[in-house]
Amino acid sequence: TEKLSVNGQKTEEYPETISIKGNLKIQSETNSTVSVTREFLPAVRQPVLIEIVTVKNHSDKTISLAICAEQECRKTAAWRCEGSSITAGCSLLFDDAFEISQHRAKHLLLQPDEEVVYYRVYYAYQDNPIEVFSLKEESMQERHLLMRCFPHFSLKHRSLNWMPSFHTAF
């Protein structure tokens, strides 16, 4: 996973709330002054799982936040798969465009009550690496699929107005 540090100190997460309302969401407190929320959404057109990570500064002071990740990638043996081997991995992203990455890092200052959002994309492919695609477009495809499958339900939007969340009871 990625490494978070606040003011140079490694941050440990302690999950407080786990919920499933269309997407899996985990809200965690930490051993520092930040909270971390992780929300997982399945992709519709791509063989990926998108994780939206929100880190919020609850301190009354500006903090230094470092987010770092090495590429996580594994390849299965071809004899275990039908066809050829499968490559699975994870990329850390700070913008809307997915691409397989080797190493990504970001260092920033967070003001009191300020938050930062970044993404981790878990992927798998067999023969051809996944092409660059837009996370925003992929999430909109999820919304269109839900609207086709459940036309009488409504979507409730989160703070990221282009990332819909599906809330309903059966």
Side-chain angles (χ1 to χ4, degrees), residues 1-13 15 17-30 32 34-58 62-76 86-111 113-146 155 157-166:
T1 65
E2 80 275 21
K3 296 175 187 165
L4 294 176
S5 62
V6 173
N7 296 329
Q9 299 295 316
K10 182 180 176 190
T11 300
E12 298 287 335
E13 291 181 48
T17 307
I18 298 173
S19 63
I20 300 177
K21 290 185 179 178
N23 298 322
L24 174 64
K25 186 182 234 179
I26 302 169
Q27 295 175 307
S28 301
E29 294 301 318
T30 66
S32 66
V34 300
S35 63
V36 179
T37 301
R38 297 177 180 275
E39 186 163 3
F40 298 85
L41 358 87
V44 176
R45 297 182 303 171
Q46 303 290 336
V48 302
L49 176 68
I50 301 167
E51 178 184 3
I52 305 166
V53 184
T54 305
V55 179
K56 183 172 183 177
N57 177 11
H58 294 283
T62 300
I63 61 166
S64 170
L65 178 68
I67 307 162
C68 302
E70 297 293 327
Q71 179 187 21
E72 297 176 38
C73 187
R74 297 192 188 209
K75 194 171 193 174
T76 61
I86 295 173
T87 301
C90 178
S91 285
L92 178 68
L93 307 170
F94 296 106
D95 57 25
D96 179 52
F98 167 81
E99 59 184 325
I100 295 174
S101 62
Q102 296 297 316
H103 173 80
R104 295 258 169 95
K106 190 169 194 172
H107 300 271
L108 57 140
L109 296 175
L110 275 185
Q111 302 298 319
D113 291 320
E114 186 180 11
E115 61 185 32
V116 63
V117 176
Y118 62 94
Y119 310 91
R120 291 177 50 88
V121 177
Y122 303 88
Y123 59 87
Y125 62 88
Q126 195 156 25
D127 294 316
N128 301 315
I130 299 169
E131 300 290 325
V132 174
F133 69 89
S134 164
L135 296 173
K136 182 178 180 179
E137 288 177 22
E138 191 59 38
S139 69
M140 293 308 288
Q141 288 299 319
E142 178 195 28
R143 179 180 182 190
H144 294 312
L145 175 67
L146 290 172
L155 292 174
H157 292 274
R158 299 185 210 82
S159 60
L160 293 173
N161 60 10
W162 56 269
M163 290 290 207
S165 180
F166 186 60

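Counting from 1, the numbers follow the sequence of the chain as shown. The figures here come from the full heavy-atom set of this structure, side chains too, leaving out hydrogens, waters and symmetry mates.
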Criterion side chain to side chain contact (heavy atoms under 4.5 Å, CB included) on Tyr118 and Lys106, from CA distance to verdict: CA-CA 10 Å; Tyr118 62 94; Lys106 190 169 194 172; over 6 Å; no

Start with the C-alpha gap between Tyr125 and Thr87, add the side-chain angles, then the distance that decides, and say whether side chain to side chain contact (heavy atoms under 4.5 Å, CB included) holds. CA-CA 5 Å; Tyr125 62 88; Thr87 301; 3.5 Å; yes

For Asn57 and Gln111: C-alpha separation, side-chain torsions, deciding distance, then whether side chain to side chain contact (heavy atoms under 4.5 Å, CB included) applies. CA-CA 7 Å; Asn57 177 11; Gln111 302 298 319; 5.7 Å; no

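Applying the side-chain contact (heavy atoms from CB on, under 4.5 Å) criterion to Ser28, with sequence neighbours excluded, gives Glu13, Pro15, Ile26. By the side-chain contact (heavy atoms from CB on, under 4.5 Å) test, Ser35 pairs with Glu29, Lys56, His58, sequence neighbours left out. Under the side-chain contact (heavy atoms from CB on, under 4.5 Å) criterion, Ala97 pairs with Asp95, Val132, sequence neighbours left out.
To the nearest 0.5 Å, the span separating NZ on Lys10 from OG on Ser32 amounts to 12.5 Å. Separation of atoms OG1 (Thr54) and OH (Tyr119) is listed at 8.0 Å; rounding is to 0.5 Å.
Nearest heavy-atom pair across Leu92 and Phe94 is CD2-CZ, 3.7 Å. The minimum heavy-atom distance linking Glu138 with Arg45 is given by the pair OE2-N, 2.5 Å. In terms of heavy atoms, Glu115 sits closest to Leu110 at C-CD2, 4.1 Å.
A salt bridge links Arg38 with Glu2: at least one charged nitrogen is closer than 4.0 Å to a carboxylate oxygen.
No donor-acceptor pair closer than 3.5 Å links the side chain of Asp96 to the backbone N or O of Ser134. A donor-acceptor distance shorter than 3.5 angstrom exists from the side chain of Thr76 to the backbone of Ile86, with no hydrogens or angles considered.
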